[in-house]
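Quick notes on the structure that follows.
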Amino acid sequence: MEQRHLGRTGLRVSRIGLGTLTWGHTEETDAADLLKVFWEAGGTLVDTADVYGDGEAEYLLGRLMERLVPRRDLVIATKAGSVPDPERRFDGSRGHLLAALDASLARLGTDHVDLWQLHAFDPGTPIDETLHALDVAVGSGRARYAGVSNFCGWQLAKAATWQLAVPGARTRIAGTQMEYSLLQRGIEREVLPAALDLGVGLLPSSPLGRGVLTGKYRKSTPADSRGGSDHMAPFVAPYLDDAAARIVDAVATAADGLAVSPLQVALAWVRDRPGVTAPIVGARNAQQLTAALSVETLSLPDEICQALDDVSAPVHRYPDHDWSTL
């Protein structure tokens with residue numbers, strides 16, 4: 001699999017990443033199959049978080065690295081900052097973050113993670129305190145690189161600029177993980193322009209529109225799908241409206257014309273967007289993951305990309321576009 005640099009750093013990752021959001025509810029044998037298929041295809045980037053399955057995803061990944069895939073062959077990315085507190089969903093305090101990192105390392109069974117990400121912005125903590133935790137983590141060797149997740153445009157710009165203000169003393173923001181797909185292009189307004197300008201690599205989550213872009217929901221909701229489960233149905237539901245259906249139909253038409261699957265078309269589109277380093281794919285089983293990894297040999301023709309751009313284009317008005325054109 002082709003490797004790409006994450007932003008303006010020396011960290012190289014596979015251009016498709018493996019997500020572990022559901023590993024807290026996944027049998028170990030199934031997770032082992034996923035990781036083995038990914039590794040054998042040349043995949044390196046595995047993304048997790050301390051709250052996935054209340055830590056079980058990290059435990060499971062750690063066990064699999066002990067016996068299945070060498071730690072040195074993987075780029076492990078995890079996140080900290082989300083907390084199970086209805087009064088305070090995110091805790092960006094230095095104390096919480098560094099304690100969370102130590103707990104993640106213990107669950108993963110490793111002395112460092114390759115990419116440590118702030119899971120979300122915490123408005124209740126001064127951003128310089130939050131970012132100092134990244135500096136401590138990298139300076140102590142517990143993390144090799146640092147990133148953010150779910151930061152809006154101004155938050156990303158502020159954080160990345162703060163870190164760049166003192167070269168050599170602060171850890172630059174290497175990447176930002178955000179939801180991005182043909183069904184969710186909101187980051188193109190401000191987040192993506194900021195990332196491109198600041199040299200921050202984009203790691204798209206839910207690149208298949210929470211599974212909707214595969215076309216599986218075009219006629220009905222399969223009982224064995226995430227949309228058919230009580231646990232995940234609310235996650236899928238926002239992308240089952242008429243606007244999404246028109247985009248899915250366009251993806252299916254493109255797939256028919258290219259003799260490939262809608263999954264391959266949707267994933268190739270987001271993988272090759274400007275600023276994207278590696279979409280994170282959260283497959284439920286090895287068969288789904290194999291289908292996603294088959295996109296490695298596919299590059300969409302320019303006319304197909306343009307047609308998909310047009311049908312899925314978000315509405316950008318003042319001040320997102322150059323005011324002189326409005």
Side-chain angles (χ1 to χ4, degrees), residues 6 11 13-14 16-39 43-84 90-91 96-120 133-134 137 142-150 174-179 201-207 210 226 231-232 235 277-286 288-289 292:
L6 181 60
L11 179 62
V13 302
S14 54
I16 297 292
L18 176 63
T20 64
L21 173 64
T22 61
W23 278 25
H25 307 279
T26 300
E27 295 294 331
E28 185 165 341
T29 53
D30 294 332
D33 289 342
L34 287 168
L35 188 59
K36 186 177 181 181
V37 166
F38 183 66
W39 174 56
T44 61
L45 176 62
V46 182
D47 180 76
T48 188
D50 62 351
V51 293
Y52 291 175
D54 293 326
E56 184 58 31
E58 290 181 331
Y59 271 125
L60 184 49
L61 178 56
R63 290 197 295 271
L64 294 178
M65 286 192 296
E66 282 183 357
R67 62 178 179 82
L68 185 65
V69 176
R71 169 68 180 89
R72 64 180 180 276
D73 288 355
L74 299 179
V75 176
I76 302 300
T78 194
K79 311 177 196 73
S82 291
V83 292
F90 310 112
D91 187 346
H96 170 79
L97 291 173
L98 294 175
L101 175 57
D102 288 340
S104 288
L105 294 176
R107 286 189 290 268
L108 288 164
T110 184
D111 63 356
H112 74 279
V113 292
D114 300 285
L115 177 65
W116 190 44
Q117 303 158 101
L118 302 173
H119 211 156
L134 300 182
R142 287 176 280 176
R144 299 296 192 251
Y145 294 87
V148 297
S149 176
N150 299 308
T176 180
Q177 187 170 152
M178 302 289 292
E179 184 170 352
L202 177 64
L203 301 173
S205 59
S206 297
R210 306 183 183 185
R226 288 174 180 169
H231 176 62
M232 296 297 290
F235 182 66
T277 299
I280 306 298
V281 176
R284 287 191 297 115
N285 54 53
Q288 287 185 352
L289 181 58

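Basis for what follows: all heavy atoms, side chains included, without hydrogens, waters or symmetry-related copies. Along the sequence shown, the residues carry numbers beginning at 1.
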**OP:** Would you sort out whether T26 and E56 count as a side chain to side chain contact (heavy atoms under 4.5 Å, CB included), showing the intermediate values?
**Re:** CA-CA 10 Å; T26 300; E56 184 58 31; over 6 Å; no
Subject >> Flag, side chain of R144 to backbone of H112, donor-acceptor distance under 3.5 Å >> reply: no
Original post:
Given the rule in the side chain to side chain contact (heavy atoms under 4.5 Å, CB included) test, do V69 and V46 qualify, once you have shown the distances and angles that lead to the verdict?
Top reply: CA-CA 12 Å; V69 176; V46 182; over 6 Å; no
Subject >> Any side-chain heavy-atom pair of L203 and L45 under 4.5 Å >> reply: yes
Subject >> CG on D30 to NE2 on H25, rounded to 0.5 Å >> reply: 14.0 Å
Original post:
Can you name the closest pair of heavy atoms from V281 and P207 and give their distance?
Top reply: CG2-CG, 4.4 Å
**OP:** To the nearest 0.5 angstrom, please state how far the CG atom of L101 sits from the NE2 atom of H96.
**Re:** 11.0 Å
Subject >> Gap separating the CZ atom of F235 from the OG atom of S206, nearest 0.5 angstrom >> reply: 3.5 Å
Subject >> Under 3.5 Å donor-acceptor, D50 side chain and T78 backbone >> reply: no
**OP:** Sorted by first residue and then second, give each salt bridge (charged side-chain N to carboxylate O under 4.0 Å, His left out) pair with at least one member in residues 97-109; sequence neighbours left out.
**Re:** E58-R107, D102-R142
**OP:** Kindly determine whether F38 and S14 satisfy side chain to side chain contact (heavy atoms under 4.5 Å, CB included), including the steps that lead there.
**Re:** CA-CA 10 Å; F38 183 66; S14 54; 3.8 Å; yes
Subject >> Residue pair A77 / Q117: nearest heavy atoms and the distance that separates them >> reply: CB-NE2, 3.6 Å
Original post:
Got D111 and L105 here, is their nearest side-chain heavy-atom distance under 4.5 Å?
Top reply: no
Original post:
Rounded to the nearest 0.5 Å, what separation is found between the CG atom of L64 and the OG1 atom of T29?
Top reply: 10.0 Å
Subject >> L11 CG to L6 CG distance, which is reported to the nearest 0.5 Å >> reply: 5.5 Å
Original post:
Is a donor on one side and an acceptor on the other found under 3.5 Å between the side chain of D47 and the backbone of G19?
Top reply: no
**OP:** Evaluate the criterion side chain to side chain contact (heavy atoms under 4.5 Å, CB included) for residue pair I76 and T110; output intermediate values, then yes/no.
**Re:** CA-CA 10 Å; I76 302 300; T110 184; 6.0 Å; no
Subject >> Test item: R71 side-chain N/O and L74 main-chain N/O as donor-acceptor pair under 3.5 Å >> reply: yes
**OP:** Using atom types as modelled and distance alone, determine if a side-chain donor or acceptor of K79 lies under 3.5 Å from a backbone N or O of T48.
**Re:** yes
Original post:
Do L97 and W116 come within less than 4.5 Å of each other through their side chains, counting heavy atoms only?
Top reply: yes
**OP:** State whether the side chain of T44 and the backbone N or O of V75 hold a donor-acceptor pair below 3.5 Å, judged by distance alone.
**Re:** no
**OP:** Search all heavy atoms of D33 against all heavy atoms of A286 and return the closest pair with its distance.
**Re:** CB-CB, 4.2 Å
**OP:** List in chain and number order the residues that pass side chain to side chain contact (heavy atoms under 4.5 Å, CB included) with L34, two or more places apart in sequence or in another chain; answer none if no residue qualifies.
**Re:** W23, A283, L289
Original post:
Considering residues, nucleotides and ligands other than D73, do more than 12 of their heavy atoms fall under 6.0 Å from its CG?
Top reply: yes
Original post:
Checking S205 side chain against I280 main chain: does a donor-acceptor pair fall under 3.5 Å?
Top reply: no
